[in-house]
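Throughout, protein chains are lettered first and strands after them, A, B, ... in sequence-line order, and every chain is numbered starting at 1.
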There are 2 protein chains.
Amino acid sequence: MKFNLLRTDTISKARAGTISTGRGEIQTPIFMPVGTQGTVKSVPQKDLAERVKAQIILANTYHVFLRPGLEVVNRAGGIHQYINWDKPMLTDSGGYQVFSLSDIRKIKEEGVSFRSHLDGSKIFFSPEIATDIQRTIGADIFMAFDECPPYPCDYKYAKDSMNLTHRWLQRCITRFNETEPMYGVEQSFFPIVQGSVFKDLRADSAKFIADQDMPGNAIGGLSVGEPAEQMYEMTDLVCSILPPEKPRYLMGVGTPENILECIALGIDMFDCVLPTRNARHGYLFTSKGIINIKNEKWKFDYTPLDDAFTPEYSKAYVKHLIKCNEMLGATIASIQNLSFYMWLVQTAREHILTGDFMAWKKEILPVVMKKL
Amino acid sequence: MKFNLLRTDTISKARAGTISTGRGEIQTPIFMPVGTQGTVKSVPQKDLAERVKAQIILANTYHVFLRPGLEVVNRAGGIHQYINWDKPMLTDSGGYQVFSLSDIRKIKEEGVSFRSHLDGSKIFFSPEIATDIQRTIGADIFMAFDECPPYPCDYKYAKDSMNLTHRWLQRCITRFNETEPMYGVEQSFFPIVQGSVFKDLRADSAKFIADQDMPGNAIGGLSVGEPAEQMYEMTDLVCSILPPEKPRYLMGVGTPENILECIALGIDMFDCVLPTRNARHGYLFTSKGIINIKNEKWKFDYTPLDDAFTPEYSKAYVKHLIKCNEMLGATIASIQNLSFYMWLVQTAREHILTGDFMAWKKEILPVVMKKL
């Protein structure tokens, strides 16, 4: 994997670059649609590539491990073959889901014992196992197995958790270095900065992660309930420590506003379920502002949902479909929100390259965050 | 509307023709996908036109009347504009749903009082109201308001019901003739033969319906639980009475086998929820036979679901999606089943035109009905 940093903004810390992977290029800053169990919910792969213009999508290791399971993915020749997606993919390590979805879990030095949220069966994940699983899934980029502490958590918990994450990281890297990609395409490993909302811990963790000299670095444990200002403060601090020549991935973030603010702080990669989850509930991001399509005001509005992204369907029709829980409503709304997110980050990129990113951000934010 | 009968088979009574409507041609025999409340469940309009190659779709008057409601459709400029579908559409009269979905209903000479299955609100449909509603929805073909008797029902009930349907039909036609299309495109009216499974009633009804001299004729009240042989017998009888120069529409039928058998009896048009409903439950019609995709045998089958219709997704992947209740599974499966149905009727048409329909039917039925 190669990161080509094309330009860093002079007013902010925003960056435009290109990540080259074994399955093609990714233009940063980038948003990665979340394909939880091997499908970005309700969006066919063709639409994801051609309409949304997604350049990389994410799959969740925890979910894929449970269903369809590793043997199915392995015998298919990896996740890309299995789901018919030939562009880059990224897998998380499963850590986040182990801590958020599983009721019963026991964290030890060796790893985490937990029960499947589907059938209660006992599962054990360790840094080595999470690494092996991600080798088997076969994503182009894969993530360290970390503990994502809850918010709020006290200083001692955050520090102990961070240190455990660091020890786990070294075991992940050892295992990563001992193993090879299984399907003939390069895989890159990203470590994850933790440390909750404590500045000294975040700084320590960022230094530790930077020292691993991996091809990209991630920031985890944010957007878990803390105020946005605290998220920005931690992101800013960590970005000042992480090496500029490597891409920076802020995990699980966020709203359009969060994304533009964090691009300004030096983040290159984002993922979030927000656009697809909100879409299914009728909460739509458009080039003219935010629409709650369930609102009665759209009942007779026959103008396109968004001239830019979904010109063929009217607001009135999408309102009807979402209200009736028709699947086509979820599909149109998800294509709309993901297309908007992709447009947002790629337009940000253009403005970073032309040098007027901050002026554009100031102008566009009130437009796209306005409730219509 | 114009029906051009191109060829009638010499061995069977199968026919190939062309229906010309204000929104383009329909090549018969034809299958019409069911778009209950203004959407063929889980299939985007573009896929319906380009992949499935649907030539006409159906909407249910009862459902559209309840949601989104007539004012929404009317102010949109009719159902085609509203859902963004520019090919022909057909609406049923609402009669079938009034009798199948509504618990509390009261049939009088004037019409039917019933309660909405959604919110229990009181509604009254009469032949005149059903006609006016269908004028407002704006489909290219619309149907008489009839009573669809249950199966089984006794002779007296069937006869009284048929006579009521005939009286209602004359009121529908009077109203149809007194009114004009609302959106500048011709609308055609089809009466419906009833009479349950009683030969003399079916014959009486077919004569009565034929005498109305409408541009097409429908057969209702079949495929409601009676044995297939009885359905074929009634269809055969009615087809022998209905005029050959008008298209014949067998409502709510059926399996691929039912469709080929009824084409052989002289039917030109079909609609059924079977392909889309079965799709959502993982029951798939393919060019090589029937697949229950939930079966464990498909878990590691990475061959395309169907080379002909869904070559880009494997059986193993679709099994996973359907098992996980992922919407993409319903979309792929629905496109598969509808594409298969369209292929079936259009290939039947080709063989009617070349004169070897019955030989082809004999050869293809064991293939497509085989459980894989």
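With A:N84 contributing its side chain and B:Y313 its backbone, the two residues share no donor-acceptor pair below 3.5 Å.
Closest non-hydrogen pair, B:R67 versus A:K323, comes out as NH1-O, 4.1 Å.
A:K41 NZ to B:L328 CG: the interatomic distance, rounded to the nearest 0.5 Å, is 10.5 Å.
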* Asked: Should B:K299 and A:V72 be marked as a side-chain contact (heavy atoms from CB on, under 4.5 Å) after you check the CA-CA gap, both sets of side-chain angles, and the distance that decides it?
  -> CA-CA 7 Å; B:K299 191 170 179 178; A:V72 169; 3.7 Å; yes
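Using a 4.5 Å cut-off on side-chain heavy atoms (C-beta onward), B:K46 and A:E312 make no contact.
Between chain A and the options B:V73, B:V40, B:V318, B:I83, the largest number of non-hydrogen pairs under 4.5 Å is found for B:I83. Of the listed residues B:S314, B:C324, B:P44, B:G329, the one with more heavy-atom pairs under 4.5 angstrom with chain A than any other is B:C324. Contact count against chain B (heavy-atom pairs under 4.5 Å) is highest for A:R75 among A:M327, A:K319, A:R75.
Both the backbone and the side chain of A:T39 come within contact range of chain B, each with at least one heavy atom under 4.5 Å from a heavy atom of that chain. With a 4.5 angstrom heavy-atom cutoff, B:Q81 does not touch chain A via any of its atoms. Proximity to chain A is limited to the side chain of B:L321, based on heavy atoms less than 4.5 angstrom apart. Residue contact with chain A, scored on non-hydrogen atoms closer than 4.5 Å, involves the side chain of B:Y302 exclusively.
For the residue pair A:E326/B:Q37, the side-chain donor-acceptor check at 3.5 Å is satisfied.
Other residues, nucleotides and ligands contribute more than 12 heavy atoms inside 6.0 Å of the CZ atom of B:F309. For A:D307, the CG atom sits in a packed shell: over 12 heavy atoms of surrounding residues, nucleotides or ligands are nearer than 6.0 Å. More than 12 heavy atoms of other residues, nucleotides or ligands shown are found within 6.0 angstrom of CG on A:D119.
The aromatic rings of A:Y82 and B:H320 sit tilted relative to each other, their planes meeting at an angle between 30° and 60°.
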